[in-house]
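In what follows, a single structure is set out as structure tokens and then discussed.
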Amino acid sequence: MAKEDVSEGWLRRFVSETSSATWVVDADGYVMDVPEWVALTGQNPAEVAGDGWMAALHPDDIDRVRAAWETAVTHQSHYNTDYRLRCADGIYRWFNARGVPMLDTDGGVLKWFGVILPIAG
């Protein structure tokens with residue numbers, strides 16, 4: 001299949017169905033609304049806002065994840081880290097989170113896009 005034969009809808013479906021969650025956040029890196037994270041973790045939208053999403057991380061992983069995210073946002077670079085996440089059923093599971101900034105024509109960040117991928121254990 002040629003690259004141009006892949007529709008945006010098909011690509012969105014592929015990403016959505018092969019990840020545990022997808023996310024889009026504002027240029028500053030703070031969460032506004034990520035419904036798939038809410039479903040995965042059981043946090044409510046108010047709990048997730050800002051950097052509240054980190055409350056669902058294993059306590060031993062929070063500092064490392066915060067540093068990785070802040071570095072990516074500060075340097076407008078790729079984000080890629082593994083962490084244990086408390087899922088809606090209360091069990092911690094390993095995930096890989098990846099994200100990239102979408103840049104405007106001047107190189108400024110418009111938004112961040114990412115996925116949360118399960119790590120087989």
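When reading the values below, keep in mind they use all heavy atoms of this one structure, side chains included, and skip hydrogens, waters and symmetry mates.
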Atom CZ of Arg93 and atom CG of Leu85: how far apart are they, to the nearest 0.5 Å? 9.5 Å
Heavy-atom closest pair, residues Phe113 and Met102: CE1-SD, 3.4 Å
Hey, any chance Val34 and Ile62 share a hydrophobic cluster, counting ILVMFWY side chains that come within less than 4.5 Å of each other, even indirectly? yes
Is it the case that the side chains of Gln43 and Trp37 hold a donor-acceptor pair, with the cut-off being a distance below 3.5 Å and no angle test? yes
Considering all heavy atoms, the nearest Leu40-Phe95 contact: CD1-CZ, 4.1 Å
Check the pair Asn96 / Ile116 against side-chain contact (heavy atoms from CB on, under 4.5 Å), numbers first and verdict last. CA-CA 6 Å; Asn96 173 260; Ile116 308 293; over 6 Å; no
For His78, look at atom NE2 and say whether over 12 heavy atoms of other residues, nucleotides or ligands are found less than 6.0 Å away. no
Check Pro101 against Ser77 and note the closest heavy-atom contact, atom names and distance. CD-O, 3.9 Å
Between Val25 and Val100, is there shared hydrophobic-cluster membership here, with clusters defined by ILVMFWY side-chain heavy atoms closer than 4.5 Å? no
Quick check: closest heavy atoms across Trp112 and Ala72, and the distance to 0.1 Å? CH2-O, 3.3 Å
Show every salt bridge (Lys or Arg N to Asp or Glu O under 4.0 Å) that has at least one partner inside residues 34-50, sequence neighbours left out. none
Rounded distance [0.5 Å steps], CG in Asp106 versus CG in Asp104: 5.0 Å
CA sep, side-chain torsions, deciding dist, call: Val65, Tyr79, side-chain contact (heavy atoms from CB on, under 4.5 Å): CA-CA 10 Å; Val65 171; Tyr79 171 69; 3.4 Å; yes
Restricting to non-hydrogen atoms, name the atom on Pro118 and the atom on Ser20 that form the minimum distance, rounded to 0.1 Å. CD-OG, 3.3 Å
Mind running side-chain contact (heavy atoms from CB on, under 4.5 Å) on Asp60 and Arg84 for me, showing each step along the way? CA-CA 9 Å; Asp60 293 343; Arg84 290 164 287 183; 3.5 Å; yes
One pair to check against side-chain contact (heavy atoms from CB on, under 4.5 Å): Leu103 and Val109. What are the steps and the verdict? CA-CA 4 Å; Leu103 305 176; Val109 175; 3.7 Å; yes
Can you tell me how far the CG atom of Asp82 sits from the CZ atom of Arg98, to the nearest 0.5 Å? 8.5 Å
What I want to find out is whether Asp61 reaches Arg64 closely enough, with some N-O distance under 4.0 Å, to be called a salt bridge. yes
Could you tell me which non-hydrogen atom of Ala56 sits nearest to which non-hydrogen atom of Thr41, and how far apart they are? CB-CG2, 4.0 Å
Give me the one residue out of Trp23, Tyr30, Tyr83 that meets ring pair (Phe, Tyr, Trp, His ring centres under 6.0 Å) with Trp69. Trp23
